Structures are given as structure tokens and as C-alpha cells.
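What follows is a short report on a single structure.
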Amino acid sequence: MQVINGLHQIKTSMIRPHLPYVMSYAFEDKNGGVTLFDTGFGTDNATLELENGLNEIGYSLDSINNIIISHAHPDHIGMIDRIRKKNKHFNLIMSSVEYGWVNSRKSRNWQEIGNAWLSKHGMSADEIANSQQDSQWKNIEWPSLQDAEVVNDADTMEYGPWSFEFIHTPGHTIGHICLYERNNKFLLTGDHILPHISPNVSVDFEGKNSDALIKYMGSLKKVLNFETKLVLPAHEFAFKNLSERVNELLQHHEDRLKEHIHSFSSKPMTAVEVAREVSWNTGNFNNFNLMMKRSAIGETVAHLELLVANNQLVKINGGHKEVIWNLT
Ligand SMILES: [Zn+2]
């Protein structure tokens, strides 16, 4: 779909119930090349959809000069190695913070670390073993981001008729970036702001971003007053009222924080107990597959950590097998 002359939105499949597709954006430079913002999931089918999308506007995978990625999740970076097979010359551009984070996480057994983290937050070994696995994410490809060129907040890049500014918006991931196109006042938000769904904001298994929600809310406020004619997210659909949506998301998290506090009575709870107590618009926590349970608990911990930072809760770590939380 053409957004305006020279800018195209290309949808590729992801087959998630709530996020069925990823939207890449292709900027034409008018000299036979394109710059892509985000790729899509690393499957043959999705790669073919991207290739077809480029063909329809007169380009191929080999026409790509640059791939800018919003963050290093598989639905945004997944196709990189497949594109490399047909194009050896594109520049990969990503946030310096995300690059550092990805490099610090190499070669670990994430299944094991993830399970240890779940049990630390109160999930029984039985529930971990019996939760349905997520087949789509199980055999996921993690392309190499080694050769990436890194950018920092407020860096700019001129490309054909386009003037890009990279905006560091940590929260959904530690080094998430939005792309602001200054000439047309478009904000490409990746997964930072979606029009309908509230993006997942989770702590990671190693406690490196226990302040994820504090950062996320700061990043929402950072873009609140950006003069923006059109918001182009990576999922769902393009929309116009940036500040209205940002305020809704801020309010959503304020409401969620209250709901988390209200789930406590007199006794301490684990994050898993709190996650079972609060509501999820994606269904009942107990029916989630393991991947969704991890995201939900990560999001619960992010809320609990913010409440600790606000002195409304205490986190009790020492001497217990599990991490528990209680009212102050
Ligand atoms: Zn995504």
C-alpha cells in the first residue's frame, strides 16, 4: 500500500492471533534503491510476501540499500539472513543500545534461563512442563546483527527526498527506536506505539531492565508532543492522533498499576500469583501458552518494579526461594 508517493507499507504474515502481520515500510530514493524500516518474520512465506511487495512497486530484494530495525525481536529482524542471500550490499542500521544488549545475550540456553526465571517468580515445575509450547516461536531464526551500523538518539540520516531522525524510545525493548521522517512529519513507531493493542513491556530474565515500565512511560512522554501527521506502526494500522493515543497508553498503565496494587490484601504474593489475579485482554492467564505466560509475568514484574520504585510495594528477595512482593 502506498502511504504517499515514494513510501510504501508492505504487510507480511506472522500468524499470531492478536498480531497477524508485520508492516515494513519501504522508502524510495528515486535512484533505484529503497530503505526498509523493519523486515518481518523469518519464514519463506513472509520473505516471499516482502519480495512480492517490492516487485509490485518496481523493486527487488537486491534494491535494498539500508535496513533500519526498530528493535531486535524476531518479527522485526527475522528476514535479515534470508535477504542477505539475495543482497550482499545493504547496510543494517540499529540502535547502539539494542546492539549492546543483543551482544550481551549470545549463546545462552534461554529455555533453561527462562524456566529458572519462571520458577523464581512462583511457577511450579509442573505448570512449566505442562504449559502448551508455542510452535511458531520454537524454531525461530535469530539472524546475525554483527555487521550493524549503530545509531544514537537524535542522529539523523538523509536518504533521497527523506530526512530521518532516530528517536531512542526504550521500554518495549532496552534499545527500541522510532524513526521520525522530518519532511513529512511521519513517526514510524515500530512496537513502541500501536493503535489498539498496548505493546508488551517486560523485564528480561536477567534483571537488566527492571525499570522497563518507567523507561516506557518516559518514552511515551518523549514523543507525546512530536508534530506528527501520520503514525506508522509495525502492527495493526496507521493512524493520526499521536498525542491522544499516547495519553491513552499512559492512562492504561496508570489503571494497570492500580489493578496490581488492588490485587494485594494482607499477604505477600509472587508475580505469578499477581498475574493470575489481574485481567488480561488476551484471555485467561491459565490458558496462555508458555511464551504468553512469560510475557504476561514479565509485564507484571515491570508493573511491580515500578510500584516498588514508587514506595507502594516492597520486593523481598533474600532468604526466599521465590521473589515475593508485599504492600509497604
Ligand atoms: Zn513486533
Side-chain angles (χ1 to χ4, degrees), residues 18 73 101 105 108-134 137 170-174 176 191 197-218 249-250 252-328:
H18 304 284
H73 278 169
W101 179 72
R105 289 165 56 92
R108 315 263 182 93
N109 185 340
W110 287 109
Q111 190 70 24
E112 216 167 87
I113 293 171
N115 290 350
W117 178 85
L118 285 173
S119 92
K120 195 177 91 169
H121 284 293
M123 191 173 283
S124 71
D126 277 357
E127 183 172 357
I128 295 170
N130 296 333
S131 294
Q132 193 205 336
Q133 298 291 325
D134 185 326
W137 294 73
H172 179 69
T173 62
I174 281 179
H176 187 288
D191 283 358
I197 289 174
S198 168
N200 178 264
V201 178
S202 287
V203 301
D204 71 3
F205 302 150
E206 300 177 300
K208 277 183 191 148
N209 61 342
S210 56
D211 59 351
L213 186 57
I214 299 171
K215 289 223 172 82
Y216 181 66
M217 290 173 85
L249 286 166
L250 286 167
H252 165 81
H253 286 292
E254 293 296 346
D255 294 345
R256 287 294 277 170
L257 287 164
K258 283 192 197 123
E259 197 184 351
H260 281 68
I261 273 285
H262 289 151
S263 65
F264 285 86
S265 51
S266 52
K267 66 171 185 55
M269 290 167 93
T270 64
V272 169
E273 287 170 321
V274 178
R276 287 194 216 285
E277 200 73 29
V278 297
S279 59
W280 298 98
N281 58 16
T282 39
N284 184 321
F285 178 88
N286 294 318
N287 299 332
F288 289 172
N289 64 35
L290 197 60
M291 163 89 192
M292 284 172 78
K293 282 181 179 170
R294 273 195 208 144
S295 304
I297 294 159
E299 180 134 354
T300 294
V301 174
H303 284 79
L304 297 176
E305 292 279 8
L306 192 152
L307 291 164
V308 170
N310 283 352
N311 288 319
Q312 290 170 279
L313 285 181
V314 281
K315 178 181 181 181
I316 307 156
N317 242 325
H320 295 267
K321 198 169 74 85
E322 294 166 344
V323 179
I324 54 172
W325 313 75
N326 205 357
L327 296 171
T328 47

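None of these values were measured; they are calculated from a predicted model.
Panel note: side chain Asn317, backbone Val323; no donor-acceptor pair is recorded below 3.5 Å. Looking at His121, its side chain never comes within 3.5 Å of a backbone N or O of Trp117 through a donor-acceptor pair. Of the possible donor and acceptor atoms, none in the side chain of Ser263 sits under 3.5 Å from a partner among the backbone N and O of Glu277. With Asn284 contributing its side chain and Asn286 its backbone, the two residues share a donor-acceptor pair below 3.5 Å.
A donor atom on one side chain and an acceptor atom on the other are not found under 3.5 Å apart for Asp126 and Ser124. No hydrogens or angles considered: a donor-acceptor pair under 3.5 Å links the side chains of Ser279 and Glu259.
Taking the six-membered ring where the residue is Trp, the centroids of His253 and Tyr216 are separated by under 6.0 Å.
A pairwise comparison of heavy atoms in Ser265 and Leu327 identifies O-CD1, 3.2 Å as the closest pair. Closest of all the heavy-atom pairs between Pro199 and Leu249 is CD-CD2, 4.0 Å.
A salt bridge links Arg276 with Glu127: the distance from a Lys NZ or Arg NE/NH1/NH2 to an Asp or Glu carboxylate oxygen falls below 4.0 Å. A salt bridge links Glu305 with Lys315: the distance from a Lys NZ or Arg NE/NH1/NH2 to an Asp or Glu carboxylate oxygen falls below 4.0 Å.
Within the model, atoms CG of Leu307 and CZ of Arg256 stand 11.5 Å from one another, a figure rounded to the nearest 0.5 Å.
Lys215 meets the side chain to side chain contact (heavy atoms under 4.5 Å, CB included) test with Pro170, Asp211; sequence neighbours excluded.
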